[in-house]
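Have a look at the structure below before the remarks.
Chain letters run A, B, ... following the sequence lines, proteins first, then strands; residues in each count from 1.
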Protein chains: 2
Amino acid sequence: MKLGDGVEQAIHCVAILAALPKDGLLPAAALAEFHGVSTSYLLKHLQTLSRAELVQSVPGPTGGYRLARAPEDITLLDIVLAVEGPEPAFRCKEIRQRGPNPLPGYMFKAPCQINRVMLRAEKAYREELRQVTIADLAAQVRTDDTEGLIEARGCAFFDAAMRHYAP
Amino acid sequence: MKLGDGVEQAIHCVAILAALPKDGLLPAAALAEFHGVSTSYLLKHLQTLSRAELVQSVPGPTGGYRLARAPEDITLLDIVLAVEGPEPAFRCKEIRQRGPNPLPGYMFKAPCQINRVMLRAEKAYREELRQVTIADLAAQVRTDDTEGLIEARGCAFFDAAMRHYAP
DNA sequence: GCTGCCCTACTCGGATAAAGGATGTCCGAGTATCTATGG
DNA sequence: CCATAGATACTCGGACATCCTTTATCCGAGTAGGGCAGC
């Protein structure tokens with residue numbers, strides 16, 4: 001039961017991308033430097049997000065990353081599943097069917113109770129994440145940032161690194 | 001986001017232990033054979049459960065494992081936390097505070113929104129597991145096992161391997 | 001002076017090494033049973 | 001015949017290799033912009 005650091009990085013990056021204007025564009029190197037993490041490693045996760053069609057990659061010298069959808073349409077669950085993989089954390093190996101003298105398989109047509117409960121718990125977990133969008137997150141940050149300092153830092157950063165997307 | 005196989009093994013073992021009589025006792029080798037898993041590896045997890053005081057270990061030639069509490073007092077959450085560790089799956093590294101020109105720490109007295117949401121989701125996950133006891137699980141299995149075949153297999157197995165606990 | 005072409009430099013993308021944790025194995029400490037011996 | 005002491009064999013417990021997933025890195029493919037030559 002451990003989530004990789006990539007999840008946190010990915011979420012923060014998507015949140016940053018959501019904060020810049022419609023045609024904004026940020027290269028991976030800038031995102032990595034801003035968060036103080038390894039560029040090449042962050043690229044890996046950004047590529048994953050790109051394959052999941054959460055962010056869009058623009059190649060070329062003035063390229064970078066931008067959101068592929070509106071912030072309201074990206075949930076935390078989308079990001080977590082993209083980075084960590086969609087399969088559930090608990091995977092029933094059906095060890096109840098193994099052992100020296102296993103009963104025939106049709107005896108176990110009812111799903112393993114343990115598996116059911118574990119998946120139900122995981123469903124609750126995902127449901128919580130599904131209800132939070134990147135837009136919600138941004139709104140919360142704006143509420144907390146009463147003095148506007150965090151936003152100011154972001155603007156300074158954008159000025160230095162941001163590019164414009166010309167479709 | 002991946003749970004080790006040890007979790008499944010541990011839960012099944014606790015469920016088996018809950019099914020035998022009050023003074024019943026099963027050695028780890030028997031549990032491993034019944035589930036078709038590595039004995040030494042299962043021992044590792046049984047020791048963990050023992051340290052968490054979910055099961056009780058009895059040394060000696062007629063020793064083995066038994067439950068340390070009533071099945072009603074053991075939840076799935078207890079087992080999962082014992083095996084996987086109590087710390088949350090998502091650990092906020094506060095990368096928002098890192099980077100080239102970080103703002104002073106007091107700016108971030110409000111907890112990271114991302115962290116808050118992730119922990120809330122995990123709380124929901126744990127709450128689901130907390131509400132299911134080993135006794136509930138056993139009751140469900142009995143309901144599904146209309147023909148009593150699974151129970152019969154269990155009895156045959158117990159006859160061969162079970163010992164009695166003399167306090 | 002303007003236009004078109006080529007070269008360069010910077011971006012993302014996937015394939016490739018290194019590290020950490022999970023998995024699997026081994027040997028040591030302890031105890032109830034069995035055996036043998038003495039009363 | 002009974003009790004007791006010792007040896008034995010089987011149990012759990014923790015320390016030790018091994019493997020695989022995760023983490024981190026590097027080099028290659030592609031593209032927009034700038035420079036240069038030609039018109």
Side-chain angles (χ1 to χ4, degrees), chain A residues 1-10 13 17 25-33 35-66 68 83-85 87 89-91 93 95 161-167, chain B residues 1-10 13 17 23 25-33 35-66 68 83-85 87 89 91 93 95 161-167:
Chain A
M1 194 64 177
K2 204 192 64 166
L3 268 67
D5 299 346
V7 175
E8 183 181 9
Q9 299 181 15
C13 285
L17 291 179
L25 211 60
L26 277 181
L31 286 167
E33 187 190 1
H35 289 113
V37 299
S38 157
T39 302
S40 37
Y41 186 44
L42 182 62
L43 257 169
K44 182 187 183 73
H45 294 299
L46 287 172
Q47 287 167 22
T48 304
L49 293 178
S50 176
R51 273 192 291 269
E53 298 186 355
L54 296 176
V55 305
Q56 180 184 0
S57 74
V58 177
T62 62
Y65 286 96
R66 63 195 291 267
V83 175
E84 288 287 319
E87 61 275 355
F90 184 85
R91 287 142 305 165
K93 296 282 195 316
I95 64 175
M162 195 177 75
R163 289 94 183 270
H164 289 272
Y165 175 57
Chain B
M1 194 62 176
K2 207 189 65 164
L3 267 65
D5 299 345
V7 176
E8 183 181 9
Q9 300 180 14
C13 284
L17 291 179
D23 65 339
L25 211 62
L26 277 180
L31 286 167
E33 187 190 2
H35 290 113
V37 299
S38 158
T39 301
S40 35
Y41 187 44
L42 183 61
L43 257 169
K44 185 187 182 73
H45 294 299
L46 286 173
Q47 287 166 21
T48 304
L49 294 178
S50 176
R51 273 192 290 268
E53 299 187 354
L54 296 177
V55 305
Q56 179 184 0
S57 73
V58 177
T62 62
Y65 287 97
R66 63 196 292 268
V83 175
E84 287 288 319
E87 59 276 355
R91 286 141 307 164
K93 295 284 197 312
I95 64 175
M162 195 177 78
R163 290 94 182 270
H164 289 273
Y165 176 56

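Between the CD atom of A:Glu84 and the C1' atom of D:dT21 there is a distance of 12 Å, given to the nearest Å. Taking atom NE2 of A:His45 as the reference point, atom P of C:dC12 lies 15 Å away to the nearest angstrom. When the C1' atom of C:dA22 is taken as reference, atom CZ of A:Arg91 falls 12 Å away, rounded to whole Å. Spacing between atom NE2 of A:His164 and atom P of D:dA32 amounts to 17 Å, rounded to whole angstrom units. In this structure, A:Leu42 atom CG and C:dT11 atom P are separated by 14 Å, rounded to whole Å. Whole-Å rounding puts the A:Arg51 CZ to C:dG13 P distance at 8 Å. Rounding to whole angstrom units, NZ of residue B:Lys44 and C1' of C:dC27 are separated by 15 Å. A:Tyr41 has its OH atom 18 Å from the P atom of C:dA18, to the nearest Å.
If you check C:dG14, C:dT25, D:dC12 against the side chain of B:Tyr65, the one that comes closest is D:dC12. Distance from the side chain of B:Pro27 is smallest for D:dC12 among the nucleotides C:dG14, C:dT25, D:dC12.
Backbone-only engagement by B:Ser57 is indicated by non-hydrogen atom pairs under 4.0 Å involving sugar-phosphate atoms exclusively. Using a 4.0 Å heavy-atom cutoff across all strands shown, A:Gly6 reaches no nucleic acid atom at all. If you check every strand for non-hydrogen atoms under 4.0 Å, B:Ser40 touches a base. Using a 4.0 Å heavy-atom cutoff across all strands shown, A:Ala28 reaches sugar-phosphate atoms only and no base atom.
Between B:Pro27 and B:Gly63, the shortest heavy-atom distance links the atoms CB-O, 4.2 Å.
With hydrogens and angles ignored, the 3.5 Å screen pairs no side-chain donor or acceptor of A:Glu84 with any backbone N or O of A:Val7. A donor-acceptor pair is defined here as one N or O able to donate and one able to accept, closer than 3.5 Å; no such pair exists between the side chain of A:Gln9 and the backbone of A:Val37. When atom types are taken as modelled, the side chain of B:Arg163 and the backbone of B:Pro61 share a donor-acceptor pair closer than 3.5 angstrom.
Of the two residues contacting DNA chain D, namely B:Gly60 and A:Leu3, the nearest-nucleotide position lying further toward the 5' end is that of B:Gly60. Between A:Lys2 and A:Leu43, the residue anchored nearer the 5' end of DNA chain C, judged by the nucleotide with its closest heavy atom, is A:Leu43.
Phosphate proximity of D:dG13 to B:Ser50: present, with a side-chain N or O under 4.0 Å from OP1 or OP2. Dashed line: the shortest gap from a side-chain N or O of A:Arg163 to OP1 or OP2 of C:dT11 is under 4.0 Å. OP1 or OP2 of C:dT25 sits under 4.0 Å from a side-chain N or O of B:Ser38.
From A:Leu3, atom CG reaches atom CZ of B:Arg91 across 8.0 Å, with rounding to the nearest 0.5 Å.
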